[in-house]
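Since this is a predicted model, take the numbers as computed values, not measurements. Below, all heavy atoms of this structure are taken into account, side chains as well, without hydrogens, waters or symmetry copies.
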Amino acid sequence: MITASIVKELRDKTSAPMMDCKKVLTETNGDLEASIKLLRERGIMKSAKMVDRAANEGVITARINAGATSGLLLELNCETDFVSKNESFQAFVGDIADALAASEAADHAAALAHQHGEQTVEDTIKAKVGEVGENLQFRKYVRYDAASGGVVASYIHLGGKVGVLIEVGTTKAETAGTDSFKALIKDLTLHIAACAPKGLSREDIPQSVVDNELDIFRTRLEAEGKPANIIENILKGQIGKFFAESCFLEQGFVKDPDIKISALLEAKGKELGDTLTVTRFVRFGLGE
């Protein structure tokens with residue numbers, strides 16, 4: 001009998017897909033060394049030699065359901081731009097995205113464990129390594145299921161090098177179907193892709209990041225010989241500027257820097273007779 005523990009041991013030693021491990025163990029009556037040799041002979045183990053090679057190219061893609069109430073963003077990496085632009089690889093990434101869109105995988109771990117045909121997504125990707133001849137990594141995955149009245153949208157920039165997923169809340173069901181709202185959503189995702197905000201609001205910026213910025217500003221001011229009481233006043237303005245550059249709602253809109261995103265949302269809400277709220281967003285940059 002081939003036990004789960006010996007299958008796991010063979011996988012750990014070879015990085016070969018689970019189904020291949022089961023198959024060779026069955027053929028060798030559970031002989032671990034003979035199974036390893038068989039995997040090597042069949043070229044399945046060569047993926048193990050690639051695990052440590054850098055995979056900073058690849059594709060970012062998104063899927064949004066028909067009702068725009070659910071969506072996902074994922075990044076699957078390879079080693080070279082040549083492979084990332086290959087139609088077969090792009091189709092493979094699309095197939096993974098379609099499978100996960102039809103699933104209920106809520107996070108990265110669940111996405112890797114999702115059953116895709118006879119294998120998990122993780123094993124499907126490992127099996128693809130041998131075919132492609134490059135290290136592949138399923139680096140990032142985010143899924144949004146909108147709250148009541150929420151709309152999920154995405155934007156893919158530069159042929160899959162940057163991706164954005166956003167959830168915007170409304171109070172009127174009919175708002176989501178208007179051209180004005182759709183144009184706003186497109187503008188917001190374009191802004192996030194271009195400006196790469198660090199968080200939605202000040203509450204989303206870790207205090208450690210804020211403290212680090214303050215330390216940098218303070219050190220510069222002290223080096224300039226500024227008095228301590230003056231430094232504290234200047235720091236308030238410096239950190240305010242930092243938040244304005246880092247927080248999505250405080251940033252100047254990329255198409256009109258004189259208007260903040262928060263003001264843009266308020267103005268568009270009044271135009272539509274609704275209250276619009278950006279609930280959350282995520283931005284992927286290839287290899288980041």
Side-chain angles (χ1 to χ4, degrees), residues 56 60 62 71 73-75 77 107-108 139-144 146-147 150-158 160-170 183-270 275-288:
N56 295 318
I60 296 169
L73 188 69
L74 67 81
E75 177 180 345
N77 301 106
D107 56 29
H108 189 248
R139 180 166 281 149
K140 287 176 281 189
Y141 171 88
V142 170
R143 182 189 186 102
Y144 286 170
V151 173
V152 178
S154 66
Y155 173 64
I156 302 298
H157 188 51
L158 297 174
K161 294 188 181 297
V162 175
V164 174
L165 192 67
I166 192 171
E167 180 184 347
V168 181
T170 68
L184 171 68
I185 294 294
K186 183 178 180 180
D187 280 343
L188 293 177
T189 56
L190 283 169
H191 174 93
I192 293 167
C195 299
K198 293 180 172 64
L200 183 63
S201 63
R202 296 189 179 199
E203 288 71 26
D204 296 312
I205 309 297
Q207 188 59 46
S208 59
V209 173
V210 177
D211 290 342
N212 184 60
E213 291 297 318
L214 285 170
D215 286 342
I216 292 171
F217 294 147
R218 184 178 286 106
T219 299
R220 289 176 183 170
L221 292 169
E222 288 174 346
E224 293 172 5
K226 295 285 195 300
N229 62 324
I230 298 297
I231 286 177
E232 294 308 312
N233 286 330
I234 295 175
L235 285 178
K236 292 177 183 178
Q238 292 279 19
I239 205 63
K241 182 180 179 182
F242 167 75
F243 281 131
E245 293 173 348
S246 305
C247 301
F248 175 64
L249 294 174
E250 296 188 37
Q251 286 181 329
F253 178 38
V254 68
K255 289 186 174 181
D256 183 359
D258 291 332
I259 181 171
K260 289 185 177 181
I261 294 295
S262 57
L264 177 66
L265 286 166
E266 184 177 357
K268 188 60 66 173
K270 287 181 179 178
T275 299
L276 308 179
T277 308
V278 175
T279 309
R280 51 184 170 168
F281 73 86
V282 65
R283 178 188 183 277
F284 289 174
L286 195 63
E288 293 178 359

Item to check | Val151 backbone acceptor or donor facing Tyr144 side chain under 3.5 Å | outcome: no
Checklist entry - Between Glu266 and Lys270, is there a salt bridge with N-O shorter than 4.0 Å? => result yes
Item to check | Test: Arg283 and Glu288 ion pair at under 4.0 Å | outcome: yes
Checklist entry - Quick check: does any side chain N or O of Ser262 sit under 3.5 Å from a backbone N or O of Leu249, one acting as donor and the other as acceptor? => result yes
Item to check | Whether Gln238 side chain and Leu214 backbone form a donor-acceptor pair below 3.5 Å | outcome: no
Item to check | Atom pair CD1 (Ile230) and CG (Leu221), whose distance is rounded to the nearest 0.5 Å | outcome: 10.5 Å
Item to check | Between SG on residue Cys195 and CZ on residue Phe253, distance to nearest 0.5 Å | outcome: 9.0 Å
Next on the checklist: Salt bridge check, Arg143 against Asp107: does any charged N sit closer than 4.0 Å to a carboxylate O?
Outcome noted: no
Checklist entry - Is there a donor-acceptor pair under 3.5 Å between the side chain of Asp204 and the backbone N or O of Leu200? => result yes
Checklist entry - What distance do Phe248 atom CZ and His191 atom NE2 have between them, rounded to the nearest 0.5 Å? => result 5.5 Å
Checklist entry - NZ of Lys186 to CG of Leu190: how many Å apart, nearest 0.5 Å? => result 6.5 Å
Next on the checklist: Assess whether a salt bridge exists between Glu250 and Arg202, defined as any Lys/Arg side-chain N lying under 4.0 Å from an Asp/Glu carboxylate O.
Outcome noted: yes
Next on the checklist: With side-chain contact (heavy atoms from CB on, under 4.5 Å) as the criterion, how do Lys140 and Leu74 come out once you've worked through the C-alpha distance, each side chain's angles and the decisive distance to 0.1 Å?
Outcome noted: CA-CA 5 Å; Lys140 287 176 281 189; Leu74 67 81; over 6 Å; no
Item to check | Inter-residue atom distance Ile216.CD1 - Asp211.CG, 0.5 Å rounding | outcome: 11.0 Å
Checklist outcome for this item: d(Leu286 CG, Leu158 CG) to nearest 0.5 Å is 10.0 Å
